[in-house]
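Computed from a predicted model, the values in this text were never measured in an experiment.
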Amino acid sequence: MRAVAVLAVLVYHIWPGVLPGGYVGVDVFFVISGYLITGLLVREFERSGTISLREFYARRIRRLLPAASATLLAVAAAAWAWSSASEWGDLAKELVASALYVENWLLVQRSVDYLAQDAAPSPVQHFWSLSVEEQFYIFWPLLMLGVGALARGRGWPVRKAFLVSLGVVSLASLGYGVYVSFVDPAPGYFLTTTRIWELGVGGLLAIAGGAEGNGPARWVRAGFGWLGMVAIAVACGFYSSRLPFPGYEALLPTLGAVALLYSRSGPGTALGTLLSSRPMQYFGDISYSLYLWHWPIVVFYPLVTGREVATFQDGMAVAAVSVLVAHVSKQFIEERFRHGRQGESLRPYAIGAGLTAVLAVSAGGLVFSGNRIAQQAQHEPEDLATHPGALAWSGHEVLAGIPVLPSPDVARMDRPKLEGSGERCIGTIESTDVTPCTLGDPEGSTTIALVGDSHAEHWIPAFDAAAKSMGWKLSVFSKMGCAFTDIPIQSGNQRTGLSPYPECLEWSAKLVDELGRIKPALVVVSQSPNHRIDGNSPRGSQRVLAEGVLRRLEALKALGVRTAILKHTPWLPVSGPECFKSSDTCIFPSADVLPQAALNIVATMDPSLAVMDMTPSVCREGQCPVVVGNVLVYRDQHHLTATYSRTMGRDVEREIRRIVRDDR
């Protein structure tokens with residue numbers, strides 16, 4: 001069964017189109033773990049009248065921690081060798097979270113972090129499931145110890161007490177998982193509380209003794225085995241990442257795993273012969289190490305080879321390397337610490353403390369190195385003679401042979417910085433507070449307001465430079481992933497999961513009132529072209545969103561506030577910094593990368609609306625280059641670098657003066 005689970009996950013991660021629901025292999029693992037651990041604890045309690053937490057945790061440390069720590073250390077080394085320095089800080093956090101088995105909680109936070117949604121997949125994100133299991137190992141024995149002691153004291157049958165109490169916990173977890181799958185599926189996928197029931201049902205089977213030889217005839221059990229295999233196979237073949245998981249859909253693979261465990265399919269049956277075959281036994285034996293190592297290999301393969309895992313040959317190479325490394329890990333790490341002299345001579349808690357300390361030092365080294373490189377890059381002297389950026393479009397001489405700024409390795413860090421506050425000028429997903437960041441000339445008698453999401457944020461350096469030149473005060477009102485519209489939208493994306501975003505609607509309504517109160521001389525709206533409403537794709541949502549934006553602008557106009565919209569900037573098919581690293585002549589046709597989304601649509605709906613079109617500052621003659629004037633234009637696929645944005649200050653000032661002059 002471990003082989004079934006790990007091979008499903010392996011195929012899904014390498015060839016997702018072949019097995020789109022292969023991620024349910026994790027659910028099968030959960031059932032197996034719950035069955036084995038609960039059975040072990042029940043038998044110990046019946047034998048001794050208690051559960052030795054010390055011995056239980058010691059066994060878990062010897063079994064799990066050495067191989068996991070080796071994986072994390074290897075990932076840290078590989079990241080230092082092949083990953084961009086801009087990714088080291090985030091990866092270091094995940095290394096520590098994975099070492100402490102709280103990676104799932106970190107991913108819960110990042111699943112609703114708009115600025116993290118376009119980040120590359122982490123090589124340790126698969127530790128979320130191991131984190132759930134470890135948290136289960138902490139919580140479950142304590143619960144069973146308490147229930148067992150209570151049952152003994154009251155004279156209750158111990159197994160029945162376990163069945164009732166653990167059944168209630170599992171049922172509550174299932175109910176919560178179904179609820180979260182409807183209301184907030186993005187973080188719900190990683191929550192321990194939505195997953196406990198999957199381990200719990202395996203535990204309930206162990207307590208009931210259904211796999212210990214009692215019960216229906218052999219042919220009935222064999223039927224359950226085939227039903228279980230079919231259920232798991234159907235989920236692997238027909239589920240997809242778009243399903244809200246783990247809702248009621250998770251019942252199919254989970255109960256399938258329970259049925260397969262219940263069947264006790266041994267070599268005497270066709271299914272048992274298959275599962276007991278040497279290849280399946282081998283993959284089951286290395287399943288833990290294979291799960292640990294395969295995903296980092298999938299992630300680093302393109303960085304090492306320069307090729308995506310797109311062909312069958314590349315996939316087979318990844319699979320072969322994963323199996324080879326897992327075999328070595330099983331023989332020389334798992335077995336040595338679990339059964340060899342290393343495991344016997346070292347106290348398990350010393351093993352845990354030592355490995356955790358080494359990982360902490362490694363993570364700290366990544367953070368220190370990444371920050372040092374980033375600081376060096378971001379503190380380069382700003383010399384328009386060598387790095388004119390957008391000024392190159394207006395005839396400023398561009399010198400050849402000059403390294404670009406920011407460096408592609410740290411471009412993702414090149415975000416706007418607020419002097420004196422050290423904070424990004426953007427509100428969180430959860431917040432509905434309308435609090436501006438003040439830039440430009442704080443003493444200026446005239447105020448301009450910049451409104452929107454992270455696509456407003458990347459204009460801050462340009463607007464800040466323009467406002468300072470004009471002697472105006474700049475107020476920035478920004479919120480993660482929030483469109484300035486009166487239409488309910490969703491947060492997240494297909495990769496992280498989608499969920500309703502009522503905080504955005506509330507925030508934008510409050511913002512209209514606040515802007516009506518302060519009455520800036522001009523309000524400029526900028527936002528991503530990728531927002532979506534429930535049930536629609538981003539492209540299919542734009543017309544409806546545009547109507548909502550127009551109503552917000554009309555509400556401001558009724559309050560006596562002058563408004564303008566800022567046309568969308570290019571959205572590249574690949575990361576700008578990565579494209580430049582592979583080809584220093586990375587240029588895209590503007591027709592392919594300039595989105596015709598909500599704000600552009602608004603401009604056609606109301607010809608009287610003021611429009612700021614900054615396209616000539618990033619694209620010319622139908623071409624959008626990644627580097628202009630020795631400055632990298634993009635920090636990812638669609639956000640401008642702060643360095644390039646700053647060089648557009650004159651262009652922004654010219655547009656602001658044009659709009660204000662025309663209105664007068």
With a 4.5 Å cut-off on side-chain heavy atoms, are Val299 and Val75 touching? no
For His458 and His455, take the angle between the two ring planes, folded into 0 to 90°, and tell me which bin it lands in: parallel under 30, tilted 30 to 60, perpendicular over 60. tilted
When rounded to the nearest 0.5 angstrom, what is the spacing between OG1 in Thr71 and NE2 in His126? 6.5 Å
Run the salt bridge (charged side-chain N to carboxylate O under 4.0 Å, His left out) check on Asp513 and Lys510 step by step: do they pass? CA-CA 5 Å; Asp513 295 336; Lys510 288 181 178 179; over 6 Å; no
Spell out, as yes or no, whether a donor-acceptor pair under 3.5 Å connects the side chain of Asn600 to the backbone of His568. yes
After noting the C-alpha distance and the side-chain angles of Leu505 and Tyr501, does the key distance pass the side-chain contact (heavy atoms from CB on, under 4.5 Å) rule? CA-CA 7 Å; Leu505 200 62; Tyr501 195 4; over 6 Å; no
ring-ring contact (aromatic ring centres under 6.0 Å, His included), paired with Trp128, selected from Tyr101, Trp105, Tyr189, Trp295: Tyr189
Check Ser508 against Thr485 and note the closest heavy-atom contact, atom names and distance. OG-O, 3.3 Å
Positive for side-chain contact (heavy atoms from CB on, under 4.5 Å) with Tyr644, one of Leu405, Val618, Leu632: Val618
Determine whether a donor-acceptor pair (N or O, by modelled atom type, separation under 3.5 Å) exists between the side chain of Arg635 and the backbone of Ala411. no
With a 4.5 Å cut-off on side-chain heavy atoms, are Val523 and Phe484 touching? no
Quick check against the 3.5 Å criterion: does Ser98 have a side-chain atom that pairs as donor or acceptor with the backbone of Glu94? yes
First locate atom CD1 of Ile402, then atom CG of Asn630, and finally report the distance between them rounded to the nearest 0.5 Å. 6.0 Å
Do Tyr634 and Cys579 pass the side-chain contact (heavy atoms from CB on, under 4.5 Å) test, and can you show the C-alpha distance, the side-chain angles, and the key distance before you say yes or no? CA-CA 10 Å; Tyr634 308 94; Cys579 184; over 6 Å; no
Can any side-chain N or O of Arg532 pair as donor or acceptor with the backbone N or O of Asn536 at less than 3.5 Å? yes
Out of curiosity, Leu609 CG to Leu550 CG, how far, rounded to the nearest 0.5 Å? 7.5 Å
Looking at Leu391, is its backbone amide N or carbonyl O close enough to the side chain of Thr647 to form a donor-acceptor pair, meaning the two atoms are under 3.5 Å apart? no
Is the shortest side-chain heavy-atom distance between Trp459 and Val476 below 4.5 Å? no
Has the side chain of Gln542 got a donor or acceptor atom that lies under 3.5 Å from a matching backbone atom of Pro529? yes
With no hydrogens and no angle check, do the side chains of Asp534 and Gln490 hold a donor and an acceptor under 3.5 Å apart? yes
N/O donor-acceptor pair under 3.5 Å between Ser645 side chain and Ala462 backbone: yes
Check ion pair Glu578-Lys581 (N to O, under 4.0 angstrom): yes
To the nearest 0.5 Å, what is the distance between CD (Gln125) and CG (Leu91)? 11.0 Å
Please report the interatomic distance CD(Gln596) to CZ(Arg543), rounded to the nearest 0.5 Å. 11.0 Å
Please tell me if the side chains of Phe127 and Ser122 come closer than 4.5 Å, counting only heavy atoms from C-beta onward. no
Contact between Leu515 and Pro520 at the side-chain level, heavy atoms closer than 4.5 Å - yes or no? yes
Any idea how Trp571 and His638 line up, ring-wise: parallel (<30°), tilted (30 to 60°), or perpendicular (>60°)? parallel
Has Asn104 got a side-chain atom pairing as donor or acceptor with Phe190's backbone, closer than 3.5 angstrom? yes
Minimum heavy-atom separation for Ser617 and Met648, please, with both atom names. CB-SD, 3.4 Å
Smallest separation among heavy atoms of Val561 and Gly516, with atom names: CG2-CA, 4.1 Å
Pairwise side-chain contact, Pro616 with Trp393, heavy-atom cut-off 4.5 Å (strictly under): no
Run the side-chain contact (heavy atoms from CB on, under 4.5 Å) check on Leu553 and Val549 step by step: do they pass? CA-CA 6 Å; Leu553 297 177; Val549 172; 4.1 Å; yes
Assess the residue pair Arg658 and Glu655 against the criterion (salt bridge (charged side-chain N to carboxylate O under 4.0 Å, His left out)); give the C-alpha distance rounded to whole Å, side-chain angles, the decisive distance to 0.1 Å, and a yes or no. CA-CA 5 Å; Arg658 176 187 63 79; Glu655 283 292 287; 2.9 Å; yes
Whether the Glu457 and Ser478 side chains hold a donor-acceptor pair (N or O, under 3.5 Å, no angle test) is what I'd like checked. no
With a 4.5 Å limit on heavy-atom distance, are the side chains of Val633 and Leu640 in contact? yes
Using the salt bridge (charged side-chain N to carboxylate O under 4.0 Å, His left out) rule, take Glu514 and Arg517 through it: C-alpha gap first, then chi angles, then the decisive distance, then the call. CA-CA 5 Å; Glu514 177 63 14; Arg517 185 186 67 81; 2.7 Å; yes
Residues Asp464 and Gly440: closest non-hydrogen pair is OD1-N, 2.7 Å
With rounding to the nearest 0.5 angstrom, report the NZ to OG1 distance, Lys473 to Thr447. 4.0 Å
What's the shortest heavy-atom distance between Ser431 and Glu503, and which atoms? O-CB, 4.3 Å
The criterion is side-chain hydrogen bond (donor to acceptor under 3.5 Å, both in side chains); which residues satisfy it with Arg551, sequence neighbours excluded? Asp486
Donor on one side chain, acceptor on other, Asn530 and Ser528, under 3.5 Å: no
Of all heavy-atom pairs linking Pro500 and Ser491, the shortest is O-OG, 4.2 Å
Ser83 vs Phe300, test: side-chain contact (heavy atoms from CB on, under 4.5 Å). Steps then yes/no. CA-CA 8 Å; Ser83 290; Phe300 282 111; 3.5 Å; yes
Quick check against the 3.5 Å criterion: does Lys519 have a side-chain atom that pairs as donor or acceptor with the backbone of Leu559? yes
Examine distances only and state if a side-chain atom of Lys479 and a backbone atom of Ile429 form a donor-acceptor pair shorter than 3.5 Å. yes
May I ask you to test the Val512-Leu556 pair for a side-chain heavy-atom distance under 4.5 Å? yes
